[in-house]
Amino acid sequence: MRLSHAVTRGEHRFGGTLAGTLTVTGSTLLTGIAELVTNDPGSGDGSPLGVIHDAAVIVSGQVVAWVGAARNAPGADARRDLGGRAVVP
């Protein structure tokens, strides 16, 4: 899986609209992520690993389309709860 260049610190924009107000078509929302390692120091907790706690990820095809706090996740066609697991790329 490759990381989309469109992913931006939990505020991914689709057609000029902020995430949280739309549904990403052809996508799956992964929730129940206790810790998500983004490897982006500018994301999450500010550490070199860029950890986001209580995170969500949207995958569209084979591309990560959005990452961020679960409470800010936009809609998706399908949803899968990962049961509190840690996710690393």
If you take all heavy atoms of G75 and I58, which pair is closest and at what distance?
O-CD1, 3.9 Å

Would you give the length of the straight line joining atom OG1 of T28 to atom CZ of R79, rounded to the nearest 0.5 angstrom?
11.5 Å

Closest heavy-atom contact between T38 and S43?
OG1-CB, 3.6 Å

Between P48 and P41, which heavy-atom pair has the shortest distance, and what is it?
O-CG, 3.8 Å

Smallest separation among heavy atoms of S60 and A65, with atom names:
CB-CB, 4.2 Å

Nearest heavy-atom neighbours spanning D45 and S47
OD1-OG, 2.8 Å

With a 4.5 Å limit on heavy-atom distance, are the side chains of H53 and V51 in contact?
yes

Have a look at V57 and tell me which of I52, L82, L36 forms a side chain to side chain contact (heavy atoms under 4.5 Å, CB included) with it.
L36

Closest non-hydrogen atoms of L29 and P74, given as atom of the first, atom of the second and distance, are CD2-O, 4.1 Å

